[in-house]
Amino acid sequence: MRLLIVLMLCAFVSLIGCDQEMKQPIMEIIPPPQSSLEKARAAMQKVNERRAEAHQKAETTGDFSTVFTASENIFKEELSFRKGLWVDLVEIYRQENLENPELLEGLENLEDAFVEKLNGDTLGMFYFEYISSFDGLIVEYLRLSFEFPEKSEEELLMLFRESMRDGEMSIVFP
């Protein structure tokens, strides 16, 4: 009896057809895959959002000493960076640009500004602004890590060094 009902239902649907409103099959929209650079920029955007939150919190409490620890935690949590990795990236950038006096002068000026703010006990207020100067370096390292996910940190640093040698990135100083 059930078989007869199912057959009658199938025959009925085939005779009257489907709802006329449905003109196209429903397809799931899948976004195109992101490039390694787009992924790196998206990851850095999350870092910057977290930096803004940490800065806002420090501003609210009046305690800017928290931004230094927050910065390292953000890098670890959002990017899985070990402590000080971004400093290593800056040093590689410096080493690969030793013959560029303008660039070295820019780095020295930034370091001088760091020291001035540190001596004036105001570095915390401007810390994220200053270290964001190096975001391009971090994006390049992240791009490489997305492009070569099987590589170790040591291998990624070698690729990063090559990128710096090839002039793939430059720093914009505040």
Side-chain angles (χ1 to χ4, degrees), residues 28-59 64-118 122-174:
E28 184 179 335
I29 298 175
I30 301 172
Q34 289 183 308
S35 71
S36 54
L37 180 57
E38 290 168 328
K39 289 178 186 177
R41 287 180 177 152
M44 202 63 217
Q45 179 60 38
K46 288 180 183 177
V47 167
N48 285 322
E49 289 168 8
R50 296 269 314 271
R51 283 176 176 168
E53 290 170 8
H55 186 80
Q56 177 91 28
K57 185 178 178 182
E59 233 174 25
F64 286 92
S65 67
T66 60
V67 298
F68 305 108
T69 304
S71 181
E72 288 296 330
N73 289 339
I74 291 167
F75 283 144
K76 182 178 181 182
E77 293 165 9
E78 293 296 330
L79 308 177
S80 301
F81 275 19
R82 66 171 165 75
K83 186 175 182 174
L85 178 60
W86 73 272
V87 176
D88 292 346
L89 299 177
V90 173
E91 184 54 31
I92 290 170
Y93 181 75
R94 176 192 313 276
Q95 290 170 3
E96 294 306 320
N97 287 286
L98 289 175
E99 295 182 16
N100 184 338
E102 291 149 12
L103 183 135
L104 293 177
E105 182 180 346
L107 280 171
E108 287 172 14
N109 290 341
L110 189 60
E111 287 172 355
D112 291 346
F114 261 65
V115 170
E116 181 182 318
K117 298 292 183 194
L118 187 60
T122 59
L123 180 59
M125 287 186 243
F126 302 98
Y127 186 67
F128 288 131
E129 181 182 334
Y130 284 111
I131 68 166
S132 68
S133 301
F134 304 116
D135 286 358
L137 300 178
I138 295 167
V139 167
E140 176 60 12
Y141 179 83
L142 290 171
R143 181 192 71 77
L144 292 166
S145 71
F146 286 124
E147 197 165 314
F148 304 102
E150 74 286 353
K151 302 275 187 200
S152 68
E153 179 184 303
E154 185 178 326
E155 292 169 311
L156 288 170
L157 287 172
M158 288 177 10
L159 290 171
F160 179 79
R161 186 176 293 281
E162 288 175 28
S163 287
M164 296 305 101
R165 224 176 273 139
D166 296 341
E168 293 294 326
M169 154 41 353
S170 62
I171 295 175
V172 178
F173 299 104

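Only heavy atoms go into these numbers, but all of them, side chains included; no hydrogens, no water, no symmetry mates.
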Contacts of Ser36 that satisfy side-chain hydrogen bond (donor to acceptor under 3.5 Å, both in side chains) - sequence neighbours left out: Glu147
Rounded distance (nearest 0.5 Å) linking atom CG of Leu85 with atom CG of Leu89: 4.5 Å
Atom pair OG (Ser145) and CZ (Phe148), whose distance is rounded to the nearest 0.5 Å: 10.5 Å
Side chain proximity check, Phe146 to Leu37, heavy atoms < 4.5 angstrom: no
Heavy-atom check, side chain of Thr66 versus side chain of Lys57, under 4.5 Å: no
Validation row: Leu159, Lys151 side chains within 4.5 angstrom (heavy atoms): yes
Residues in salt bridge (Lys or Arg N to Asp or Glu O under 4.0 Å) contact with Glu49, at least two apart in sequence or another chain: none
Atom of Phe134, atom of Leu110 and distance for their closest heavy-atom approach: CZ-CD2, 3.2 Å
Non-neighbouring partners of Asn97 that pass side-chain contact (heavy atoms from CB on, under 4.5 Å), sequence neighbours left out: Tyr93, Asn100, Leu103
Stepwise salt bridge (charged side-chain N to carboxylate O under 4.0 Å, His left out) test for Arg51 and Asp135: CA-CA 12 Å; Arg51 283 176 176 168; Asp135 286 358; 2.9 Å; yes
Aromatic ring pairing Phe75/Trp86, orientation class (parallel under 30°, perpendicular over 60°, tilted between): tilted
Salt bridge (Lys or Arg N to Asp or Glu O under 4.0 Å) partners for Glu153, two or more places apart: Arg82
Side chains of Leu79 and Tyr141 in contact at under 4.5 Å (non-hydrogen atoms): no
Residues Lys46, Glu78: salt bridge by 4.0 Å N-O rule: no
side-chain contact (heavy atoms from CB on, under 4.5 Å) partners for Ser152, two or more places apart: Glu154, Glu155
Contact check, side chains of Arg161 and Gln95, non-hydrogen atoms, under 4.5 Å: yes
Point-to-point distance, once rounded to the nearest 0.5 Å, from CD of Glu140 to CE of Met164: 5.0 Å
Nearest atoms (heavy-atom pairs only) where Arg143 meets Ala40: N-CB, 3.5 Å
Heavy-atom pair with the smallest gap, counting every atom of Val67 and Ala54: CG1-O, 4.4 Å
Ring centers of Phe64, His55 separated by less than 6.0 Å: yes
Gap between atom OG of Ser71 and atom NZ of Lys76 - 0.5 Å precision: 14.0 Å
Any residue meeting side-chain contact (heavy atoms from CB on, under 4.5 Å) with Glu77, in chain and number order, not counting sequence neighbours: Arg50, Asn73
